[in-house]
Structures are given as C-alpha cells and as structure tokens.
Amino acid sequence: MEPVNVYEGLSPVMSITTTKPSYIGAEEYWRLEDYVKDDFAGVLIPNASIRKRIKDLSVAIRDDYKNKNPHFIWVADGAWPFFRDFKQHYREVAGNGFTEQLSRVKSYDGMSSTGKRKFLDVDFSDVAGKDIVLFEDIIDTGGTIRDVFDYLQQHDPASVRVATLLDKRVEKTHPVKADYALFSIPDEFVVGYGLDYDDSCRDLDDVYVLSESGQRRLA
Ligand code: IMP
Ligand code: MG
C-alpha cells in the first residue's frame, strides 16, 4: 500500500532552551570575519531551521483558510524576511489567492521597549470582512501586537489571527496568544532575520544573540 501523508497542522512552538550557539545550517556565520563574529554570543536559530518552520506554517495556513482568501498584514520593518519567505512557500502550496499589506509600528529604542507605540504607516480602512493573518517578528511584552490587534478590530475584519516568528519567554504585560508561533526563545536580545538593534543587523540570515561587546560596539 502507498504510504499516506496525513498533515496534522503546525507542530507546537519549538522551545529553544539554550543560548549556546548552534552552527548547523548557519552558513552565513562561517563567511563572517572573526571581528564581526565577536559582536555575537552565538547563533540562536540557524536559517535552515527557520525555513523549515516557515514551510510547515505555510501548509498549516493553507489548510486553515480553505475556500478563503486570507489578507496578510505584516508589521514592518522586522517581519519582512519572515513574511517574504512565508509568501514564497505559501504561493507554492496555496497559489495566488491572498492579499497583503504592511503596517509600520515602532516601539523599541535600543534594547528596551519604550512602551509607547508609534503607528507610522497604518491604513486599515479596507479590512472590513476580511480574514486577517498578522505577521510579527517577535512578541516580547505583547504590547505591540496587542495594539495592532485592537486597532484592527475597530475596522470590522471577519477574523484575525497572529503569526509570530519568535515568542520571548518574558512576562506578558499585554497578554496575547499567537495562533501560530514558530519558536519560543529565552529572554535574550536577538538580532538578524529582520530583528534589529537600532536598525543594525536586520539583514543577517540567522537569528543571533548579541554579545556584550557587540552591544557596546553597535550602541
Ligand atoms: P513588545 O511590544 O514588547 O511585544 O515588543 C515587540 C517589538 O519589540 C518587536 O516588534 C520588535 O521590534 C522589538 N523587540 C522585542 N524584543 C526584541 C529583540 O530581542 N530583538 C530585536 N527587537 C526586539
Ligand atoms: Mg518589530
């Protein structure tokens, strides 16, 4: 008999419990000069692992939005690599039946959340009746996604779900449950794959923990 593949949805969030570097699949890391590597305590999530989780996410969202055309909203700037790679996989498995827009929200200054969200580029005038999936790079205290979520609800969408690449294990001052969370990470400041330290290091392929010397050098 032919083996049957039964897809059972996205497996639960992958919990990363160590901050010890893992270099499997972190190809870009080996191309960096040593003095550049010194800015990092190590690679927390290599690109290969991120891509694998995103592929699973695209299948899960396809299955959850059967017969619907979801509207994807990604939170700029940080969620771009996540959303870009998601879309590529999603189109392969689910086709072109989706729409998208960005919303730009800023809350961090250096390494601490300011608690004050700036809605810089947000137009939700067209979301009524749509099935929304919100894409965020990281949920830390929960404040940013909570604000976007609440603001969205005022514009009468049919439904809203949240997809986050990372969920930081810290106390959530604004409780919010991500419907799709790819990795749960320890309370470390991370950069790469969209995440920045005052707009540096966003473009790296992997997710890194900043070292103390890196924090000083890039401050
Ligand atoms: P929250 O509002 O506290 O949940 O923070 C969410 C926002 O803070 C994210 O969209 C990120 O822009 C930023 N942020 C939180 N933790 C980190 C981090 O470890 N590295 C980079 N940015 C972070
Ligand atoms: Mg962000």
Side-chain angles (χ1 to χ4, degrees), residues 13-22 39-47 49-50 72-86 101-122 132-153 160-219:
V13 60
M14 285 182 73
S15 191
I16 296 175
T17 51
T18 177
T19 52
K20 283 218 193 86
S22 150
D39 286 344
F40 310 118
V43 174
L44 190 66
I45 315 175
N47 187 267
S49 308
I50 299 171
F72 300 139
I73 300 181
W74 61 281
V75 182
D77 298 314
W80 171 244
F82 174 32
F83 183 62
R84 174 200 63 203
D85 291 346
F86 166 80
Q101 75 173 97
L102 73 78
S103 65
R104 181 167 276 121
V105 182
K106 197 174 159 60
S107 69
Y108 254 61
D109 187 17
M111 294 198 359
S112 53
S113 183
T114 60
K116 281 189 209 117
R117 245 76 54 193
K118 281 188 223 155
F119 284 69
L120 301 175
D121 186 357
V122 178
I132 313 279
V133 185
L134 260 179
F135 287 80
E136 177 59 307
D137 52 358
I138 188 166
I139 298 179
D140 185 11
T141 65
T144 303
I145 205 70
R146 182 84 246 174
D147 280 0
V148 179
F149 189 91
D150 290 347
Y151 189 45
L152 247 178
Q153 293 292 4
V160 183
R161 286 190 176 183
V162 173
T164 188
L165 177 71
L166 307 178
D167 186 4
K168 214 186 258 194
R169 289 193 295 279
V170 296
E171 197 194 330
K172 301 277 179 268
T173 51
H174 301 78
V176 52
K177 199 193 154 296
D179 302 279
Y180 308 100
L182 301 194
F183 300 93
S184 148
I185 64 162
D187 188 8
E188 300 283 345
F189 193 80
V190 292
V191 294
Y193 203 74
L195 293 130
D196 68 302
Y197 178 39
D198 273 347
D199 287 322
S200 63
C201 298
R202 265 191 211 286
D203 55 306
L204 295 161
D205 289 345
D206 311 293
V207 171
Y208 294 80
V209 175
L210 265 189
S211 66
E212 277 178 25
S213 61
Q215 288 169 29
R216 280 194 303 274
R217 213 179 66 74
L218 299 171

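As the structure lists them, so they are numbered: ligands from 1, and atoms in each ligand from 1. The figures here come from the full heavy-atom set of this structure, side chains too, leaving out hydrogens, waters and symmetry mates.
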For Val191, is the nearest heavy atom under 4.0 Å from an atom of ligand 1?
-> no
Please identify which atoms of ligand 1 are closer than 4.0 Å to at least one heavy atom of Glu136.
-> 10 (O)
Under 4.0 angstrom from ligand 1, any heavy atom of Glu188?
-> yes
Can you label the angle between the Phe135 ring and the Phe72 ring as parallel, tilted or perpendicular, going by 30° and 60°?
-> perpendicular
Ligand 1 atoms nearer than 4.0 angstrom to some heavy atom of Thr144 are 1 (P), 2 (O), 5 (O), 6 (C), 7 (C)
Would you mind reporting whether Val191 and Leu218 have side-chain heavy atoms less than 4.5 Å apart?
-> no
Is the closest side-chain heavy-atom distance between Val207 and Phe183 below 4.5 Å?
-> no
Should one rank Gly142, Cys201, Gly194 by closest heavy-atom distance to atom 4 (O) of ligand 1, which comes out on top?
-> Gly142
With atom 21 (C) of ligand 1 as the reference point, say which of Ile138, Val176, Val190 has the nearest heavy atom.
-> Val190
Quick one: does Leu195's side chain get under 4.5 Å of Leu166's, heavy atoms only?
-> yes
Which atoms of ligand 1 sit under 4.0 Å from any heavy atom of Lys168?
-> 16 (N), 17 (C), 18 (C), 19 (O)
Any Lys/Arg nitrogen of Asp77 or Arg104 sitting under 4.0 Å from an Asp/Glu carboxylate oxygen of the other?
-> yes
Heavy-atom side-chain contact between Asp140 and Val170 under 4.5 Å | yes
What part of Asp196, side chain, backbone, both or neither, has a heavy atom within less than 4.0 angstrom of ligand 1?
-> backbone
